[in-house]
Amino acid sequence: MSAEEPLFRIVRGVPTAEELAALVGAIAVRTRPAAAPAPVAVSAWARSGRPAGATPAAGPGAWRTSGLPR
């Protein structure tokens, strides 16, 4: 793409300067990458119910050991 080639062109109508500014602003906002959402902090209360390393293990007798204290 050369420097003289426009990025977009108006095909019909005669937009005002304000309309062109709104169009350029909408395109600029739309093309920006979305910010990654901040990680949600888990409360200490919720974290206490799931001790670290307490992932359920599948296999024979897993249903029985799931009810035992860890």
Side-chain angles (χ1 to χ4, degrees):
M1 184 178 286
S2 68
E4 295 83 30
E5 188 176 336
L7 295 175
F8 58 90
R9 64 187 178 108
I10 306 301
V11 191
R12 266 197 313 197
V14 182
T16 64
E18 292 83 15
E19 291 171 335
L20 282 177
L23 176 64
V24 170
I27 290 173
V29 168
R30 187 78 172 149
T31 57
R32 275 191 285 178
V40 178
V42 179
S43 69
W45 180 83
R47 202 173 34 246
S48 68
R50 290 181 231 109
T55 57
W63 64 271
R64 185 177 300 121
T65 57
S66 67
L68 297 176
R70 297 181 192 250

Problem set entry | Listed once per pair and sorted, the side chain to side chain donor-acceptor pair (under 3.5 Å) pairs that draw on residues 11-27, sequence neighbours left out | T16-E18
Exercise. Which pairs, with at least one residue in residues 21-30 and sequence neighbours excluded, count as a side chain to side chain donor-acceptor pair (under 3.5 Å)?
Worked result: none
Per-pair distances, 0.1 Å, donor-acceptor, side chain in residues 34-41, under 3.5 Å, sequence neighbours excluded:
none

Check residues 20-29 and write down every donor-acceptor pair under 3.5 Å in which the side-chain atom is one partner and the other belongs to a residue at least two apart or another chain.
none

